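Shown next, in structure tokens, is the structure this report addresses.
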Amino acid sequence: MKRFLSILTSVLLLVTMVSAPAAAKNRKLKALIVSGQNNHNWPVSHKALQLILDNSGLFESDIVLTAKAGGDMSNFAPAFDEYDVVVLDYNGDSWPEKTNEAFLKYVQSGGGVVVYHAADNAFAGWEEFNKIIALGGWEGRTEKSGPYYYLVDGKPVLDNTPGPGGSHGSQREYPMHCRNAKHPIVKGLPDNWIHGRDEMYDRMRGPANIKDLLYSGFAIKSEGGSGREEPLVFTVDYGKARIFHIMLGHAGPSLEDNPAMQCAGFQTLMLRGAEWCATGKVKQALPKDFPTDKSTSFRMDYTPKK
Ligand code: ZN
């Protein structure tokens, strides 16, 4: 019996030794989606973001919602530092000062942040937040917020012309142009592809501390755009933090009718950007259903095609 117990103990020990590192390796990345107020359809967008992240099998996400606009925010205090990546889907009332401090502490100690669509409208008067997003729009932004940033002949121009920050033309399908084929978030993706029907943010302003511009798009004047090549997807230069800013993804009326977020290009960038924010690497395989320079591609059910 003693001998049997000894063998059993050895076997159990071996099983533990073999399975423990494997379990750690296969741990899902923890994402926190922050939502609850927005001039957009946040009840759709935050659910869509969760479906995109969780259906990939790479992430498990929690959602934290603030009080409604004008409500009591004093209990809004997410534990940012328990997450590998924080996804901002929030444009609304100020957070409590303690929550702002906790968010800055998380970001400045090397946290990962995805700035999604109208999250870059938020907190126009919070100087440090504007450095975290690099470019923002609306909510009273002007030349005091920083220059306009756009491309001429593929090179960045910082333009201090006075005027409001943030606008967009009519919603349409549009081509995306790669600006850094080597960055892990976009490596292997097409240089040009057609994004599903969406807004294209333009005339954005801010400290413009873009680290790597990944994709831009041309805001056609006849569609109400700026007539410039505009930055749409980029990383931000902010200390040790890994920040991925994606201006795409205007939410539709429902999860079923949500072309900008059902676009396989949007979903791929969201997943690759979020993985990079969480780990500094991108290990997920390139998808087979990515849009091409001739046609759009959609994942109606927010699930990558294997
Ligand atoms: Zn929008």
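Indexing begins at 1, ligand by ligand and atom by atom, following the structure's order. On a predicted model such as this, the values are computed, not experimentally measured, just so you know. In what follows, residues are counted from 1 in the order of the sequence shown.
Two rings, from W95 and F103, have their centers less than 6.0 Å apart.
Of all N, O or S atoms in E199, the one lying closest to the Zn ion (ligand 1) is OE1.
Screening M200, E223, R197 for a side-chain contact (heavy atoms from CB on, under 4.5 Å) involving Q171 leaves a single residue, R197.
Considering the Zn ion (ligand 1) as centre, the angle to NE2 of H40 and to ND1 of H250 is 100° (10° rounding).
Proximity of a side-chain donor or acceptor of R205 to a complementary backbone N or O of G163 within less than 3.5 Å is detected.
Among the atoms of H117, an N, O or S atom falls under 2.8 Å of the Zn ion (ligand 1).
Inter-residue side-chain proximity for M204 and R141 is flagged as unmet; no heavy-atom pair is nearer than 4.5 Å.
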